[in-house]
Amino acid sequence: MSSLNPNQLEAVRTINWPLLINAGAGSWKTHTITERVVSMIQEHHIEPRSIFCVTFTNKAAREMRERIAKKLGINPDGINPFREHRLPMVGTFHSTAAFFLRMFIEHLGYGKDFVIYDADDCLRLVKEIMKGKNIDEKEFNPRAIQGMISSAKGEWLTPTDYSVTVDSYIKSVVLEVYKEYGGRLKAANALDFDDLLLFFRQILDIPEVLEYFHSRFQYFMVDEYQDTNMLQYEIIRILASKTRNLCVVGDDWQGIYSWRGANIENILSFQKDYREAKVINLEENYRSTKLIINAANAVIKNNTNQMKKTLFTSNPDGEKIVVLEWLDEKHEAELIANTIREWKNETYSDFAVLYRTNGQSRLIEESLIRKNIPYKVFGGMKFYERREIKDILAYIRVIFNPMDMMSLKRIINVPSRKIGEKSLENFLEVLNREHLDVASFSENDFLINSLSGIGAKWIAVFCGTYKILREESKTKSVAELMESVIKRTGYEEYLKQEYTEDEYEWKLDNLDEFLNMATRYDGMLYPENIATFLEDIALITDQDREQWDKQKEDAGFVSLMTIHLAKWLEFPTVFIAGAEEGIFPHSRSLVDGSALEEERRLMYVAITRAKEALYISRAHERYTFGNYSANPKSRFVKEIPDEFLHMETNRGSAQSIFGGGANGFSSFGNMFTQNWPTTRSNPVNTQKVSSGKKNSASDFATGDRVKHPQYGIGTIVMKNEAICDIAFPGMWVKKMNIEIAPVEKI
C-alpha cells in the first residue's frame with residue numbers, strides 16, 4: 001500500500017463503524033476502495049462473502065471486481081460475480097436485487113422464474129391497459145403514464161400510497177392504470193426494472209429474509225453515494241442497521257442527477273444518520289494541473305449546501321484556462337474547431353467538447369466537419385440523423401421535389417395516417433402507371449377518388465395537406481414552410497404520443513434549433529431559398545460521411561457529449577461550450593437556488609474532466625429566429641479568478657470563419673436557442689419564426705457591406721428596390737429581399 005497517500009491509507013485502514021470517504025474528482029477513489037477491500041480480506045481476515053459492495057453502473061462494478069480479483073491472485077475471467085465465495089459481492093443495485101429476489105421473491109407471491117420486462121414491454125402493457133379502459137391515447141400519452149408509474153415506484157409508492165397523492169385528473173388516470181399494471185405484471189410472473197428495487201426493499205420487511213442478510217453480510221460499501229435515491233438509501237440503511245459497518249464513497253460536489261431522482265441530502269446528511277461516523281476527505285487530485293484544480297475550487301466554493309474540502313494537486317501549474325470569446329455562436333464553434341486543428345502534435349482522441357444540452361452539438365458538428373476534423377457524438381445521434389430532423393427534412397424535400405419517392409415513402413405515414421402497406425403499394429403503383437409525381441396526383445381529383453381500400457381516405461387527406469404545403473412553399477420562407485409542416489401534420493402531437501416527457505422536450509428543442517437554422521434563409525426568393533437550404537444540408541452530411549470513411553483508417557476522433565455523460569471520463573484537452581447565462585447555467589435554474597447549485601456542481605464536473613488544457617467558450621451575441629440577442633457571460637466564468645484565465649478573442653480570420661473555402665459550400669446555419677421560458681408552453685410556434693419586415697430598403701445601397709448569419713460578410717453589388725444581389729467571398733452571388741433577409745449593415 002506504499003502508493004497510497006496518508007488520507008487514502010487512513011481510509012483503507014478504517015474498517016469498522018460508519019465511514020464516509022468524501023472523494024474529490026480525480027482522487028483515485030477506485031484505487032482506494034479496491035485497496036480497502038483487499039486489505040479487509042488479506043490483513044483483517046474478513047470473509048469475502050460477508051462483504052457487500054454496490055455501485056451504479058455495470059462498468060464500474062466489473063472494473064472493481066476485476067481489480068479486487070487480480071489483487072487477490074484470482075483470474076476474474078468467467079467467474080460468477082454473485083456465487084464466487086473467494087470474492088466479495090460486487091454489483092449494481094439492480095443486479096444484486098435481481099439475484100436476491102430469485103431467492104426470496106416467493107414471499108411476495110411471485111415465482112423464482114420471473115422475467116424482467118424491458119421498457120418496450122412495459123409500454124405495450126400500459127397501452128393494452130389503456131385500451132381496455134377506453135383511455136384515449138391522444139389525450140393521455142402512454143409513455144408519460146409509464147414514466148409517472150416509474151417515478152412513483154422510485155419514490156417507494158405502491159398504488160395505495162400513490163392514491164393519497166392524487167390531486168389532478170391526470171394522476172387519477174395514472175392511478176387507474178397503475179392498479180391494473182401491477183396485477184398484470186404479477187399474473188405474467190414479470191417484474192419491470194423499478195420492481196427490482198421496490199421488491200428488494202419489501203422483502204427486507206420479512207424477518208427471516210432480513211435475518212439472512214444480517215447473518216451473511218457484516219460489511220457494506222456504496223460507491224457514488226451522492227447519486228442514491230430514497231429507495232436505495234432505505235435499502236442500504238436496513239442492510240447495515242445491525243453491524244453499522246457501512247462505508248459510503250462519493251463526492252457531494254459531483255451530485256448532478258436530481259432529475260433522475262438522486263437525493264444529494266443522502267450524502268450531506270450522512271453524519272446526522274450515523275453520528276459516530278468518521279469522515280475522510282480525499283483531496284489530492286492526480287488528474288489535472290494546478291490551475292485547473294484551483295479554478296474548480298474557486299467555482300464550487302460559491303455553493304452553500306456542501307461539505308468542506310479543498311482539492312489540491314502535486315501536478316505542474318500548467319497553462320492558463322483559455323476563454324474563447326468572439327462575435328456570435330458561429331465564431332464560437334469555429335474557434336473551437338480552429339483550436340483543435342492547430343494542435344498539430346496531438347491525436348483527435350485527446351479532445352472533448354462538452355456542452356450543457358444535446359442541442360448544442362449542432363453548430364459544433366458543422367464547424368468540425370468544415371475543418372475535416374473527425375468526431376463522434378456520444379449519448380445521442382448526430383443532428384441530421386435524429387428522427388425528427390429527418391422527418392421534417394423529408395417533408396421539405398418532397399414538397400420541393402415531388403419526384404423524391406424515398407422522402408415520400410418516409411413521411412406519407414408520419415404522423416400515422418392509417419395507410420397500410422397494401423394501400424401504399426397501390427398508391428405508388430398508380431403514380432408509376434400514370435407517370436405522375438405526387439404533386440400532379442394531388443391536383444387530380446379523379447385519380448384521388450379512384451383509389452380504393454381502407455387507406456384510400458387517408459391518402460386523400462395526405463394529398464390535400466401536401467397540395468396546401470406545396471402552394472405555401474412558393475410564397476413562404478423556409479422556416480415558415482417548416483413550421484407549417486409541423487402544424488398542419490400534427491407532428492408535435494405525434495411526438496408527444498410517441499415519447500416520454502423528457503424525450504418529447506428534447507425533440508422539440510431539436511426542432512426549435514432546426515427552425516432557427518432555417519430562418520437564416522429568410523429573404524431569399526423561391527425556389528433558390530429551398531434549393532440552397534437543401535443543398536447546404538446535403539453537402540454537409542455528404543462530407544460527414546466522407547469523414548467517417550476516413551476514420552476507418554484513423555481511429556482518432558474528437559468526443560462530443562453533454563457534461564452529464566462525461567462525469568466518469570477524462571481527457572487531456574477539454575472545451576466547455578456555451579458559457580453564458582441562460583445556457584450554462586441553464587435558464588430553468590435561474591429562479592431556483594438548489595437547481596443553480598446543481599448547475600454549479602455540473603460546471604465543477606466539466607472543469608475537472610480536463611487533465612492538461614481547458615478552454616471555456618462563449619459568444620457575445622446569438623442569432624435567434626431572425627434577430628441577434630446578447631447573453632451575459634456565465635457567472636461560473638466570472639467566479640474563476642482573472643489570474644487563472646487567458647482571454648482569446650481573435651483566433652482565425654473572418655474569411656476562415658465565414659468563407660466557403662476549398663469545400664465549396666456555405667457556412668452552415670445553426671445555433672442553439674437558449675432564451676427559453678422556465679416552463680415551455682408551446683415550444684414550436686409561429687411567434688418564433690421571424691418572417692416580417694426587419695429592415696428598410698432605403699437604408700441600403702449598392703456597395704454597402706452587410707453581415708449575414710449564414711454567409712458572413714458580403715457586399716451589395718446590385719439593388720432594385722428591396723431585391724439585392726449580394727456577393728459573399730467564396731460563394732455565388734445571393735439574391736435576397738433586403739427587408740426580410742437577416743442582414744445587418746456594417
Q. Just checking, Arg410 and Tyr395: is the charged tip under 6.0 Å from the six-membered ring centre and within 45° of the axis?
A. no

Q | Parallel, tilted or perpendicular: ring planes of Phe514 versus Tyr384, cut at 30 and 60 degrees | A | perpendicular

Q: For the pair His564 and Tyr257, name the ring-plane relationship: parallel under 30°, tilted 30 to 60°, perpendicular over 60°.
A: tilted

I'd like to know if the side chain of [X] reaches the main chain of [Y], judged simply by a donor and an acceptor atom lying under 3.5 Å from each other, with no hydrogens or angles considered.
{"X": "Thr96", "Y": "Phe93", "result": "yes"}
{"X": "Ser151", "Y": "Gly147", "result": "yes"}
{"X": "Asn229", "Y": "Gly261", "result": "no"}
{"X": "Arg601", "Y": "Gly255", "result": "yes"}
{"X": "Asn413", "Y": "Ile419", "result": "yes"}
{"X": "Asp161", "Y": "Thr158", "result": "yes"}
{"X": "Arg102", "Y": "Phe114", "result": "yes"}
{"X": "Ser442", "Y": "Val438", "result": "yes"}
{"X": "Asp592", "Y": "Ser589", "result": "no"}
{"X": "Asp118", "Y": "Asp121", "result": "yes"}

Less than 4.0 Å between a side-chain N and a carboxylate O, is that true for [Y] and [X]?
{"X": "Glu483", "Y": "Lys476", "value": "no"}
{"X": "Arg520", "Y": "Glu329", "value": "yes"}
{"X": "Lys131", "Y": "Glu128", "value": "no"}
{"X": "Glu224", "Y": "Lys567", "value": "yes"}

Atom of [X], atom of [Y] and distance for their closest heavy-atom approach:
{"X": "Thr357", "Y": "Thr562", "value": "C-CG2, 4.1 Å"}
{"X": "Ser484", "Y": "Glu472", "value": "OG-OE1, 2.5 Å"}
{"X": "Ile563", "Y": "Phe584", "value": "CD1-CE2, 3.4 Å"}
{"X": "Ile583", "Y": "Gly578", "value": "CG2-O, 3.2 Å"}
{"X": "Ala61", "Y": "Thr55", "value": "N-CG2, 3.5 Å"}
{"X": "Leu515", "Y": "Ala479", "value": "CD2-O, 3.6 Å"}

Between [Y] and [X], is there a side-chain heavy-atom distance shorter than 4.5 Å?
{"X": "Arg470", "Y": "Lys467", "result": "no"}
{"X": "Glu155", "Y": "Met230", "result": "no"}
{"X": "Leu428", "Y": "Lys409", "result": "yes"}
{"X": "Glu598", "Y": "Ile264", "result": "no"}
{"X": "Arg201", "Y": "Ile238", "result": "yes"}
{"X": "Tyr499", "Y": "Leu508", "result": "no"}
{"X": "Leu481", "Y": "Ile530", "result": "yes"}
{"X": "Tyr466", "Y": "Pro402", "result": "yes"}

N/O donor-acceptor pairs under 3.5 Å from side chains in residues 172-181, not counting sequence neighbours:
unit_1 : atom_1 : unit_2 : atom_2 : d
Ser172 : OG     : Tyr169 : O      : 2.5
Tyr178 : OH     : Leu157 : O      : 2.7
Glu180 : OE1    : Lys133 : NZ     : 3.3
Glu180 : OE2    : Arg184 : NH1    : 3.1
Tyr181 : OH     : Asp192 : OD2    : 2.8

Q. Tyr110 and Phe199: aromatic ring centres closer than 6.0 Å?
A. yes

Measuring from [X]:[atom1] to [Y]:[atom2], what's the distance to the nearest 0.5 Å?
{"X": "Met406", "Y": "Arg397", "atom1": "CE", "atom2": "CZ", "result": "10.0 Å"}
{"X": "Leu469", "Y": "Glu471", "atom1": "CG", "atom2": "CD", "result": "10.5 Å"}
{"X": "Trp458", "Y": "Ser416", "atom1": "CH2", "atom2": "OG", "result": "8.5 Å"}
{"X": "Ile448", "Y": "Ile459", "atom1": "CD1", "atom2": "CD1", "result": "10.0 Å"}
{"X": "Asp391", "Y": "Ser407", "atom1": "CG", "atom2": "OG", "result": "10.5 Å"}
{"X": "Arg387", "Y": "Leu495", "atom1": "CZ", "atom2": "CG", "result": "8.0 Å"}

Q. More than 12 heavy atoms of other residues, nucleotides or ligands under 6.0 Å from CE of Met103: is that the case?
A. yes

Q) For Tyr494, does the OH atom sit with more than 12 other heavy atoms under 6.0 Å from it, leaving out its own atoms? A) yes

**Q.** Flag for Asn426-Ser423: side-chain donor and acceptor within less than 3.5 Å
**A.** no

Q: Give a yes-or-no answer on whether the side chains of Tyr233 and Asn263 include a donor-acceptor pair shorter than 3.5 Å.
A: no

